Amino acid sequence: MLGFLKKKFADAAPDPSVEAKSAEPAPPARSWRERLEAGLARTRAQLGGQFKSIFSRGKVDEELLEELESLLLTSDVGLDATHHLLEDLKARARRDRIETPDAIQRALAGALHDLLLPLEQPLDVKTHRPFIIMLAGVNGAGKTTSIGKLAKHFQAQGLSVLLAAGDTFRAAAREQLQAWGERNDVTVIAQESGDPAAVIFDAISAARARGIDVVLADTAGRLPTQLNLMEEIAKVRRVIQKADPNAPHETLLVLDANFGQNALAQVKAFDKAIGVTGLVITKLDGSAKGGVIAAIARQCPKPIRYIGVGEGIDDLRPFMARDFVDAIFE
Ligand SMILES: Nc1nc2c(ncn2[C@@H]2O[C@H](COP(=O)(O)OP(=O)(O)OP(=O)(O)O)[C@@H](O)[C@H]2O)c(=O)[nH]1
Ligand SMILES: [Mg+2]
């Protein structure tokens, strides 16, 4: 167990000297695009060849629709979104007289883009100061790593950031966040106490006193079935509200893309407990199950604020439906 934790810690917080601190400018859009494409290579490899062989029929007939249906279902797109996409494809085929494999691919890409576009709602953190973001999710989803990446992301926009070590539960969680704080050269508010609400309340006061722009509050991982822990995080939220009646200004649920269909149940359970206002989808790089994003769009739509496609500090970006769809099909 300890060995596992140590490895996890080492994975999540590589040697700070390896990467330059926050002063370096954000990488150009193209390099992110390449990273996204590399990150989604697995999804593309899994789907791309099969899509091509299905589309090679050259026309949208019953057989094509059936093959496509089973491919989408095995890619975690889910029943509802699969049927929605197939209906949309049929409508496009009728309307545009689709007659080539390329045209079928373009039509499906168009249908997927239209489905995902409503989830593209970039987070604006300039509406409040300090803008308080609370992150929640099941164990190992990527909360703490995403905070490390977000700290750099916001600093690159000229904003000041403070981190709150609200995971007082897991061994080494505080140190893990502190390592990210050092890498980003930002303050981490932590306490010996075991009360996450107290730590975050403290962090908000500190952020006010220092004129900080963004507070990122970490929380311990928990499963929706652990009702006492779900009640605990609801309490954390209420205490944040005491510090600032409008806060948290964003409640991010972090989802591992590999969760597949289980992600839907997580969205619903966390939404009920803490009112989820946005999602971070992590580990799209290691997953062939990115299709769950389409299921979310149909069954429990929430803005996807960011996606993670790697363990590095730059491997997180705002979700853009067009980039995502292109990275899957290109
Ligand atoms: N490949 C990949 N790995 C990621 C990504 N995001 C996080 N990870 C890895 O996932 C593991 C867990 O990440 P953490 O940030 O510790 O997850 P957590 O949700 O804070 O975990 P707990 O605090 O234990 O609940 C680490 O090894 C991270 O490096 C991602 O986008 N891609
Ligand atoms: Mg964590």
Side-chain angles (χ1 to χ4, degrees), residues 32 36 39-40 43 75-78 80-81 112-113 115-125 127 131-151 153-154 166 214 216-224 230 233-234 236-237 247-287 289-310 315-325 327-328:
W32 162 249
L36 177 65
L40 289 174
T43 301
S75 312
D76 269 291
V77 170
D80 190 317
L112 184 60
H113 175 259
L115 176 61
L116 299 184
L117 192 60
L119 304 186
E120 178 183 312
Q121 296 177 42
L123 184 61
D124 179 10
V125 297
T127 55
F131 192 93
I132 298 155
I133 303 175
M134 169 174 149
L135 288 91
V138 307
N139 311 70
K143 296 176 291 297
T144 308
T145 307
S146 296
I147 288 177
K149 295 169 175 177
L150 283 171
H153 174 75
F154 292 132
V214 182
L216 289 159
D218 199 9
T219 61
R222 68 200 74 225
L223 297 172
M230 294 304 281
I233 199 163
V236 170
R237 190 179 192 287
H249 306 103
E250 179 74 6
T251 303
L252 286 177
L253 176 64
V254 181
L255 297 170
D256 179 333
N258 298 294
F259 292 153
Q261 291 290 297
N262 194 259
L264 300 174
Q266 292 177 25
V267 174
K268 287 173 190 159
F270 277 93
D271 193 30
K272 195 165 157 226
I274 52 174
V276 172
T277 53
L279 305 175
V280 179
I281 315 276
T282 64
K283 308 188 202 181
L284 275 165
D285 50 311
S287 170
K289 299 186 166 212
V292 70
I293 289 186
I296 289 170
R298 285 293 295 178
Q299 284 169 267
C300 44
K302 293 278 176 195
I304 299 178
R305 305 295 196 189
Y306 302 96
I307 57 173
V309 291
D315 292 331
L316 186 98
R317 279 292 193 285
F319 172 70
M320 297 290 159
R322 172 57 64 203
D323 288 356
F324 184 79
V325 172
I328 287 180

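Source: prediction; values computed, not measured.
Counting heavy atoms from C-beta outward, Met134 and Ile274 have side chains that approach closer than 4.5 Å. Contact annotation: the side chain of Ile296 approaches that of Leu255 to within less than 4.5 Å [non-hydrogen atoms, C-beta and beyond].
Closest non-hydrogen pair, Ala273 versus Ala234, comes out as O-CB, 3.6 Å. Between Asp285 and Gly310, the shortest heavy-atom distance links the atoms OD1-N, 3.4 Å. Summarising the geometry of Ala263 relative to Val292, their closest heavy-atom pair is CB-CG2, 4.0 Å, with the distance given to 0.1 Å. In terms of heavy atoms, Ala220 sits closest to Lys143 at C-CE, 4.0 Å. Residue Thr251 comes nearest to Gly275 through the heavy atom pair CB-O, 3.5 Å, listed as atom of the first residue, atom of the second, then distance. For the residue pair Ala295 and Val77, the shortest heavy atom distance occurs at CB-O, 3.1 Å.
Of the listed residues (Asp124, Leu216, Leu123), just one forms a side-chain contact (heavy atoms from CB on, under 4.5 Å) with Phe131, and that residue is Leu123. Remark: of the listed residues Ile132, Leu150, Val125, Val125 is the sole one forming a side-chain contact (heavy atoms from CB on, under 4.5 Å) with Val214.
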*asked:* Does Thr219 form a side chain to side chain contact (heavy atoms under 4.5 Å, CB included) with Ile233? I'd like the steps, not just the answer.
replied: CA-CA 8 Å; Thr219 61; Ile233 199 163; 3.8 Å; yes
*Carefully, step by step, assess Val280 and Leu316 under the rule side chain to side chain contact (heavy atoms under 4.5 Å, CB included).*
CA-CA 9 Å; Val280 179; Leu316 186 98; 4.0 Å; yes
*Evaluate side chain to side chain contact (heavy atoms under 4.5 Å, CB included) for Ser146 paired with Thr282, printing each intermediate quantity in order.*
CA-CA 8 Å; Ser146 296; Thr282 64; 3.6 Å; yes
_Derivation of the side chain to side chain contact (heavy atoms under 4.5 Å, CB included) call for Val138 and Asn262_ = CA-CA 11 Å; Val138 307; Asn262 194 259; over 6 Å; no
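Evaluation of the side-chain hydrogen bond (donor to acceptor under 3.5 Å, both in side chains) rule for Glu120 yields no partner, not counting sequence neighbours. Phe154 is linked by a ring-ring contact (aromatic ring centres under 6.0 Å, His included) to nothing, counting only residues two or more places apart in sequence or in another chain. By the ring-ring contact (aromatic ring centres under 6.0 Å, His included) test, Phe324 pairs with Phe319, sequence neighbours left out.
Between the CZ atom in Arg305 and the OG1 atom in Thr277 there is a gap of 6.0 Å [rounded to 0.5 Å]. Here the CG atom belonging to Asp218 is positioned 3.5 Å from the OG1 atom belonging to Thr144, to the nearest 0.5 angstrom. Note: Asp76 CG to Asn258 CG = 9.5 Å, rounded to the nearest 0.5 Å. A distance of 9.5 Å separates CG of Leu264 from CG of Asp80, quoted to the nearest 0.5 Å. Between the CE atom of Met230 and the CZ atom of Arg222 there is a distance of 7.5 Å, given to the nearest 0.5 Å. Interatomic distance, Phe259 CZ to Ile281 CD1, rounded to the nearest 0.5 Å: 10.0 Å.
More than 12 heavy atoms of other residues, nucleotides or ligands sit less than 6.0 Å from atom NZ of Lys268.
Proximity of a side-chain donor or acceptor of Lys302 to a complementary backbone N or O of Val276 within less than 3.5 Å is detected.
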